[in-house]
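Only this structure's heavy atoms are used, side chains among them; waters, hydrogens and symmetry mates stay out.
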Amino acid sequence: MNLIRKNGILLIMLLLSVSTAIAQSISGNVKDNTGMPLPGVNVIVDGTTKGAVTDFDGNYSISNLENGTYTLSATFIGYAKTSQSVTIDGADVTVDFVMAEDAQSLDEIIVTGVVNPKSKIESSISVSTMGAKLIEQAAPRSAGELFRNIPGIRAESSGGEGNANFNVRGVPVSSGGSRYFQIQEDGLPLNLFGDTSFGNADNFLRIDSNIGRVEAIRGGSASTQTSNGPAGIINMISKTGSTEGGSLATTFGLDYQTSRLDFEYGTPIGNGLSYHIGGFMRTGEGPRDIGYQGNKGGQIKANLTKTFKNGYVRTYFKFLNDQSVMYLPMPMRLEGDNSDPTYSNLPGFDITSDSQHSAYLQQSAGTSPFNGERHVNDVRKGNNPISKALGAEFSFSLPKDWKVTGKARYSNNSGQWIAPFTAAVGTVAEIDATARAAAGAGAEPLVYADGDREAFNPSNGLAQIIHMFDVSVEDLSNFFGDVKISKKVSDNVGITAGLFTATQNTKIGWQWNSFLSEVKGGGDARLADFDGFSRGGQYSYGTPVWGNCCQRKYNTVHNVNSPYVGIDADINDKLNFDGSVRFENVRVNGNIQGGPTSQDSFDYNGNGTIEGVETSVPVIIGNAGQIVNDDYNFVSYSAGLNYKFNQGAAAFARYSSGASGRAADRNNYGTNGLADVQYDQLSQLEVGFKKRLNNGTLNLTGFMSNTDEGLSNELNRSVGNPFKALGLEAETALAFGENFNFNGSFTWTKAEIDGGANKGNTPRRQADLVYNLSPSYNFGDTRQHSLALSVLGTSKSYAQDDNDLVMPAYAYFNLIGRAGLTKGLSVVLSVNNLFDTVGITEVEGNGDGAFNGDRLVRARAISGRSTTLSLQYKF
């Protein structure tokens with residue numbers, strides 16, 4: 001009996017000791033360097049599957065830990081990873097963390113285009129991030145100007161706020177926009193296709209103080225982590241109010257007319273809730289003289305987040321209704337030979353500050369391609385996106401190492417897109433003859449369309465035919481959903497499976513028409529009429545010089561279902577593997593009418609008489625057009641290895657094969673409704689090295705790509721070739737003491753057309769070298785004053801694939817000076833294109849005529865110097 005009693009006591013003591021051994025916990029609090037608690041921080045016991053997410057008050061707790069010594073790490077988006085060593089010896093332990101913001105740290109956690117979120121140094125992809133400070137330093141007026149600061153991306157940002165062209169690492173800009181490159185907002189695409197004509201994704205994106213950070217990946221797992229973005233993803237991540245703060249800013253133009261108000265505020269409000277709201281309102285002429293207020297409108301965004309112990313739920317909305325001027329190729333002088341040309345001003349027309357827009361050119365008239373009736377549009381609307389979006393997202397860590405995350409958003413998108421394009425430029429006699437012959441005008445004299453209608457006699461002797469790109473964006477609405485589950489199947493292996501779904505409407509109508517105008521700047525160019533034939537400077541309701549190509553309608557719906565699966569495995573403590581596969585299934589139906597059904601008389605003004613300009617009007621009436629009834633699928637895959645030499649250096653290698661589907665207006669369809677080319681394929685190989693320096697970071701990536709692209713539509717011509725490219729990308733972020741910082745990048749690319757008549761040539765508008773240098777200096781007692789400079793440059797490129805005409809190299813400088821007046825209040829001087837540099841980004845034609853011994857050309861240049869003054873208050 002005593003033996004049983006003794007053994008029982010021994011057993012109880014043993015059970016208690018075991019219970020004590022496994023019942024220890026680590027708990028604590030996480031704050032930022034201002035003392036504010038940080039909810040949503042991942043606190044992980046390194047080398048185990050144990051961890052926790054901080055609650056609304058920044059608290060966490062990890063239980064059931066045995067005695068021993070552990071490394072505890074805290075990671076959070078936009079903050080540097082923080083680690084502490086902790087020893088458990090029979091008692092609970094408290095470990096608190098203070099995290100510092102660091103948008104360039106190799107420890108920063110990346111959420112865009114990866115199988116599972118992880119730090120930069122542990123990721124086998126090329127990734128760049130920009131926080132709010134770097135975005136301010138870049139002083140972008142558009143998404144294109146912001147994206148130029150990201151290595152590997154060439155952005156043609158000369159066209160205004162939207163409709164920019166992007167290429168990544170030599171992957172071509174074949175049909176404008178960004179066919180192989182996906183622009184996201186909070187992890188979901190803005191548009192299923194990046195190159196929908198006049199419906200580019202960046203049309204529905206505005207840069208304002210709602211943006212908390214930007215993540216950009218080039219190549220890598222973009223092939224499998226999004227649709228139609230194998231070359232890369234840029235994700236604009238919004239502020240969420242996890243810490244209290246906000247800002248107000250009012251901005252005025254000093255050398256051009258603009259007025260803008262920006263605002264944003266976010267804060268926790270108790271019970272795990274936080275919110276953020278912000279936006280902007282503005283009005284102004286824009287950086288070029290156009291003769292009227294071309295930029296006006298605004299945006300408001302808001303989100304509400306509920307944080308739980310094991311995750312969060314967030315809802316958000318956006319309302320955008322903004323008008324911005326679009327700048328298309330305009331008249332210029334072309335001096336010198338094609339290999340070393342100079343693009344310069346014409347008398348009375350400055351290519352850095354003027355435009356074809358004019359106070360005299362405010363109304364566009366044509367026939368609607370949807371009903372064949374009269375259509376009248378206001379040219380002053382420019383690029384007028386209207387978007388009403390509602391979305392939600394969630395993320396939860398579940399028992400037994402399961403995790404589920406999801407995002408969904410519906411966007412009701414519509415608007416207008418209207419801008420003048422110089423279709424021809426020459427002497428008055430040349431333009432008179434060209435326009436008269438195309439429109440069928442007789443002997444009517446050419447007179448000014450306003451005033452006393454005197455003889456048309458511009459002071460410089462030059463005239464232009466303007467084709468008005470008049471486009472109705474009836475419906476570009478979309479729904480996107482992306483849900484995935486992850487399971488840690490062992491300490492070293494995790495698996496993720498997900499499903500992306502999309503519905504994209506594309507209902508767009510083209511009703512282009514033609515005008516005659518002076519070549520004159522200052523927004524004062526007057527229009528011309530064939531007296532008794534044309535009206536108000538409009539000599540045709542179509543585009544007869546181009547064969548009336550551009551009365552069109554597109555009315556299609558794309559439905560996408562894309563399941564994907566990925567694996568992430570730590571082969572050992574230094575080597576990591578991740579791979580992913582995506583199956584893309586696409587169905588598209590609808591109808592397209594790619595040209596007028598008739599070119600006949602049309603009593604446009606309804607007076608009962610067919611007058612000159614009404615004798616040949618292109619119309620689409622009573623015809624459904626080409627039926628579209630297509631479906632296709634393809635498989636994309638990506639695999640990478642990352643070897644971490646130590647906490648300060650890593651190397652990676654990755655191979656990816658992906659594809660991008662076609663927007664309906666970039667394709668041709670047969671009588672059976674099937675597309676000529678359903679998708680274009682892209683394969684990529686990259687090898688990279690990431691190094692933590694004593695005062696910063698250095699990233700180097702070598703890359704190769706092959707693009708297999710079929711013919712596609714670009715306005716009234718067909719383009720498409722196979723391409724190949726190789727190159728080197730470098731990026732660095734350095735800090736020299738507490739006052740001086742330097743960020744810089746360059747991308748060298750050797751791109752080549754790999755087939756067709758131009759085999760061996762460099763793709764059009766592809767420079768060998770693009771670079772960005774951004775030093776900044778902070779000074780004052782609390783470093784409240786600053787000077788920041790950014791230099792963006794490009795080597796020469798070619799206007800077209802035939803490599804005949806060169807677009808010269810250029811570099812332009814942006815300068816920002818900030819003076820802190822008192823705590824939170826500062827005045828900011830921002831100068832864009834400080835030295836008024838001429839930079840040519842697009843050329844149409846190659847000498848349209850003679851002018852004083854030189855040639856004429858139609859081209860786009862970056863806008864000249866523009867200066868703003870802002871009063872900003874951050875609180």
Is the closest side-chain heavy-atom distance between Ile300 and Phe317 below 4.5 Å? yes
Is there side-chain contact between Tyr316 and His276, with heavy atoms separated by less than 4.5 Å? no
Separation between CG (Asp322) and CG (Leu320), nearest 0.5 Å, reads 6.0 Å
Discussion item. Quick check: do Phe396 and Val313 have side-chain heavy atoms less than 4.5 Å from each other?
Written reply: yes
Review point. Are side-chain heavy atoms of Phe583 and Asn633 found at a separation under 4.5 Å?
Key: yes
Problem set entry | Under 3.5 Å side-chain donor-acceptor pair for Ser562 and Glu584 | yes
Note: Ala164 and Asp202 closest approach over all heavy atoms is N-OD2, 3.1 Å
Check: Below 4.5 Å, heavy atoms only, C-beta onward: do Leu476 and Thr506 meet side chain to side chain?
Finding: yes
* For the side chain of Asn589 and the backbone of Asn629, is there at least one donor-acceptor N/O pair under 3.5 Å apart? -> no
Checking Trp546, Trp510, Trp512, Tyr541 against His467 for ring-ring contact (aromatic ring centres under 6.0 Å, His included), the one that qualifies is Trp546
CG of Asn667 to CG of Asp630, rounded to nearest 0.5 Å, is 8.0 Å
Worksheet entry | Side-chain heavy atoms of Glu161 within contact of Ile207, under 4.5 Å | no
Between Ser660 and the options Ser636, Ser178, Ser227, Pro230, the side-chain contact (heavy atoms from CB on, under 4.5 Å) test singles out Pro230
Does NZ or CZ of Lys318 fall inside the cone over Phe204's six-membered ring, less than 6.0 Å from its centre and within 45° of the axis?
no
Point to revise | Check: Pro189 main-chain N/O paired with Arg409 side-chain donor or acceptor under 3.5 Å | key: yes
Note: Thr556 and Ala664 closest approach over all heavy atoms is OG1-CB, 3.5 Å
- Item | Criterion side chain to side chain contact (heavy atoms under 4.5 Å, CB included) on Asp568 and Thr496, from CA distance to verdict | CA-CA 8 Å; Asp568 190 280; Thr496 297; over 6 Å; no
Taken in chain and number order and not counting sequence neighbours, the residues that satisfy ring-ring contact (aromatic ring centres under 6.0 Å, His included) with Phe193 are His558
Exercise. Under 3.5 Å, is there a donor-acceptor pair between the side chain of Asn383 and the main chain of Met326?
Worked result: no
Given 3.5 Å as the limit, does a donor-acceptor pair link the side chain of Asp680 with the main chain of Gly710, or not?
yes
Margin query: Check whether Asn548 reaches the backbone of Pro596 with its side chain - one donor and one acceptor, N or O, closer than 3.5 Å.
Written below: no
(request) Give the C-alpha distance, both sets of side-chain angles, the deciding distance and a yes or no for side chain to side chain contact (heavy atoms under 4.5 Å, CB included) between Val404 and Phe394. (result) CA-CA 8 Å; Val404 58; Phe394 64 87; 3.8 Å; yes
- Query: Under 3.5 Å, is there a donor-acceptor pair between the side chain of Asn591 and the main chain of Gly625?
  - Reply: no
Tightest non-hydrogen contact, residues Ser158 and Thr841, listed as OG-OG1, 2.6 Å
Kindly say whether Arg765 contributes a backbone atom to a donor-acceptor pair with the side chain of Arg154 at under 3.5 angstrom? yes
_Testing the 3.5 Å rule here: is there a donor-acceptor pair between the side chains of Thr503 and Asn559?_
yes
Set out, in order, the CA-CA distance, both residues' side-chain angles and the distance that settles salt bridge (charged side-chain N to carboxylate O under 4.0 Å, His left out) for Glu709 and Arg179, then state yes or no. CA-CA 11 Å; Glu709 180 180 271; Arg179 174 174 298 177; 3.7 Å; yes
ask   = With distance as the sole test, does Ser656 use its side chain to make a donor-acceptor pair with the main-chain N or O of Gly220 at under 3.5 Å?
value = yes
**Side-chain donor or acceptor of Gln504 paired with backbone N/O of Leu192 under 3.5 Å** = yes
CG of Asn377 to OG of Ser364, rounded to nearest 0.5 Å, is 6.0 Å
d(Tyr655 OH, Ser683 OG) to nearest 0.5 Å is 4.0 Å
d(Asp195 CG, Asn200 CG) to nearest 0.5 Å is 7.0 Å
Of Val214, Ile217, Leu146, the one forming a side-chain contact (heavy atoms from CB on, under 4.5 Å) with Ile234 is Val214
Test side-chain hydrogen bond (donor to acceptor under 3.5 Å, both in side chains), reference Arg654, set Ser124, Ser221, Ser223, Ser123, output is Ser124
Between the CZ atom in Phe480 and the OG atom in Ser411, the distance rounded to the nearest 0.5 Å is 7.5 Å
Residues Asp631 and Gln678: closest non-hydrogen pair is O-NE2, 3.5 Å
Of all heavy-atom pairs linking Asn163 and Asn203, the shortest is N-OD1, 2.7 Å
Backbone of Val619 reached by a side-chain donor or acceptor of Thr597 within 3.5 Å: yes
Heavy atoms of Asn513 and Asp470 approach each other most closely as ND2-OD2, 4.2 Å
side-chain contact (heavy atoms from CB on, under 4.5 Å) filter on Pro722, not counting sequence neighbours, yields Asp754
Worksheet item: Do Glu185 and Lys301 pass the side chain to side chain contact (heavy atoms under 4.5 Å, CB included) test, and can you show the C-alpha distance, the side-chain angles, and the key distance before you say yes or no?
Response: CA-CA 12 Å; Glu185 193 168 45; Lys301 293 173 63 178; 3.1 Å; yes
Closer than 4.0 angstrom, basic N to acidic O: yes or no for Asp208 and Arg206?
no
Query raised in the report: Hey, does His375 have a side-chain heavy atom less than 4.5 Å from the side chain of Ser472?
Result: yes
* Is the count of non-hydrogen atoms from other residues, nucleotides or ligands lying under 6.0 Å from Lys388 atom NZ greater than 12? -> no
| query | Is there a side chain to side chain contact (heavy atoms under 4.5 Å, CB included) between Asn413 and Val473 once you walk through the steps? | reply | CA-CA 8 Å; Asn413 296 330; Val473 182; over 6 Å; no
Regarding Thr405 and Ser395, is there a side-chain donor-to-acceptor distance under 3.5 Å anywhere? no
query = Charged N to carboxylate O under 4.0 angstrom, Arg218 versus Glu686?
reply = no
Can Lys507 and Asp475 be said to form a salt bridge (charged side-chain N to carboxylate O under 4.0 Å, His left out), step by step? CA-CA 5 Å; Lys507 187 178 181 182; Asp475 187 6; over 6 Å; no
### Query
Under 30°, 30 to 60°, or over 60°: which ring-plane class applies to Phe634 and Tyr679, parallel, tilted or perpendicular?
tilted
Would Ser238 and Arg314 count as having a side-chain donor-acceptor pair, cut-off 3.5 Å? no
- Query: Got Ile237 and Asp186 here, is their nearest side-chain heavy-atom distance under 4.5 Å?
  - Reply: yes
